[in-house]
Amino acid sequence: MRLTPRVATLLVVAALPLALTACSSGSSSDNGGTGAKPAKAKDLNAGLATGTQLKKALAPASVFPSGFAPEADGASDSGGQFLSPADRSTAKPDCTRLESTSWIQVTGFKGGVSFAQNDYVNHDKTEEVAQEVDAFQGTTANAVMKQLQTVAGECAGFTDTDAHAKVKLAGTSTAGLGDEAYTMTLTSGVWQNGSTLIAARSGNSVITVLSTAGTDNGAATAKKVTTRILDGLKSLKTA
């Protein structure tokens, strides 16, 4: 899970202001004795949902196909604290990330300053549906969506990690889901069924869903789960 190291870093950074305050508590004449206070730094996380809140927006078990159950080690979230934003990697995208959960990382962004995710599988683990929602500072969510379209072009053809099969990717903008959405369909002549990946932006949050459920390359289930998460995010805003 990517949660542990990022939270550890956050706790170290959060402790620094306390230490600095303790060191400077006796210095009241640095500003010339005027009593003027420095301008308060803008909170870049203001208005963003925490991981604890985003977890409530994830689609519940009732939305998934019959026979699907949560994967024991597939659930994770950033809790009540915000993580430190990471710079985007500009390296060539690893297209094989599109085969797994947390596939948002194929864009070069490790994830948002808060996130929640989980993973559902059928009883024999031959089909999977994964959902994640990340909250980003500023206009980063828009940049993530733009980068996904770039990735779709660069990963139009690649070799998968398991069967070493040739994979074809078709991407298209999708209307009617959030502020903007993009859908990628992965197929291979070796696979029994393809997979559908949907990314949808709602304000500063980006939803990423992966589905291989059903005989339609997972398309119907992916859209159903995405729609439910969008409704969940709206509920958070009105709560």
Verify side-chain contact (heavy atoms from CB on, under 4.5 Å) between D73 and E71, making sure each step is shown before the conclusion.
CA-CA 6 Å; D73 60 352; E71 186 77 333; 3.4 Å; yes
Would a 4.5 Å heavy-atom cut-off, applied to side chains only, mark Q117 and K55 as touching?
no
If we ignore angles and hydrogens, is there a donor and acceptor under 3.5 Å between the side chains of T227 and D231?
no
Closest heavy-atom pair, A163 versus V190, reported as atoms and distance to 0.1 Å, is CB-CG1, 4.2 Å
Can you check whether L148 reaches K146 side chain to side chain, under 4.5 Å on heavy atoms?
no
What closest approach, in Å, do S114 and G51 show between heavy atoms, and which atom pair accounts for it?
CB-N, 3.6 Å
Treating N122 as the side-chain partner and E127 as the backbone partner, does any N or O pair qualify as donor plus acceptor under 3.5 Å?
yes
Has the side chain of N45 got a donor or acceptor atom that lies under 3.5 Å from a matching backbone atom of L48?
no
Side-chain heavy atoms of R88 within contact of V144, under 4.5 Å
no
Do the side chain of D77 and the main chain of A116 share a donor and acceptor less than 3.5 angstrom apart?
no
Would you kindly confirm whether L54 and I198 end up in one hydrophobic cluster when ILVMFWY residues are joined by side chain heavy atoms under 4.5 Å apart?
yes
Taken to the nearest 0.5 Å, the spacing of D179 CG from R201 CZ works out to 4.5 Å
Group every Ile, Leu, Val, Met, Phe, Trp and Tyr by side-chain heavy-atom contacts under 4.5 Å, then state whether W103 and V167 land in the same group.
yes
Donor-acceptor check, side chain of S188 to backbone of K166, threshold 3.5 angstrom: yes or no?
yes
Hey, mind stepping through S89 and F109 against side-chain contact (heavy atoms from CB on, under 4.5 Å) and telling me if it holds?
CA-CA 7 Å; S89 170; F109 292 95; over 6 Å; no
Could you give the distance from CD1 (I229) to OG (S202), rounded to the nearest 0.5 Å?
11.0 Å
So, for E154 and C95, which heavy atoms are closest and what is the spacing to 0.1 Å?
O-SG, 4.2 Å
Checking F115 against L83 for the side-chain contact (heavy atoms from CB on, under 4.5 Å) test, could you report, in this order, the C-alpha distance in whole Å, the side-chain angles of both residues, the deciding distance, and whether it holds?
CA-CA 9 Å; F115 76 95; L83 308 178; 4.0 Å; yes
Is a side-chain donor or acceptor of D134 paired with a backbone partner of G112 at a separation under 3.5 angstrom?
yes
Closer than 3.5 angstrom, by distance alone: can the side chain of D216 be matched with the main-chain N or O of G218 as a donor-acceptor pair?
yes
With a 3.5 Å cut-off and no angle check, do the side chains of S211 and T196 form a donor-acceptor pair?
no
Is any side-chain heavy atom of T50 closer than 4.5 Å to a side-chain heavy atom of Q81?
no
Kindly indicate whether the side chain of V63, heavy atoms from C-beta on, has any atom under 4.5 Å from the side chain of K224.
yes
N/O donor-acceptor pair under 3.5 Å between S100 side chain and R97 backbone
yes
Side-chain heavy-atom pair T161, E99 within 4.5 angstrom cut-off:
yes
Taking all non-hydrogen atoms of both residues into account, name the closest pair between G214 and N193 and its distance.
O-ND2, 2.7 Å
Which heavy atom in A141 sits nearest to a heavy atom in F136, and how many Å separate them?
N-CB, 3.8 Å
Looking at OG1 of T90 and CD of Q147, how far apart are the two atoms once the value is rounded to the nearest 0.5 Å?
9.5 Å
Any side-chain donor paired with an acceptor under 3.5 Å for E132 and S102?
yes
Going from OG on S195 to CG on D160, what distance comes out if it is rounded to the nearest 0.5 angstrom?
10.0 Å
Interatomic spacing from OG in S84 to NZ in K110 - rounded to 0.5 Å
11.0 Å
Parallel, tilted or perpendicular, as decided by the 30° and 60° cut-offs, for the rings of Y120 and F64:
parallel
Verify the neighbour count for atom CG of D43: are there more than 12 heavy atoms of other residues, nucleotides or ligands below 6.0 Å?
yes
Measure the spacing between OG of S205 and CG of L230 and express it to the nearest 0.5 Å.
9.5 Å
Within the 4.5 Å heavy-atom criterion, are I207 and L233 side-chain neighbours or not?
yes
Mind listing the closest non-hydrogen atom pair of V129 and A213 along with its distance?
CG2-CB, 3.9 Å
Test L197 against every option in L169, V209, I104, L186 by the side chain to side chain contact (heavy atoms under 4.5 Å, CB included) rule and name the one that passes.
L186
Heavy atoms, side chains only, cut-off 4.5 Å: are Q149 and S173 in contact?
yes
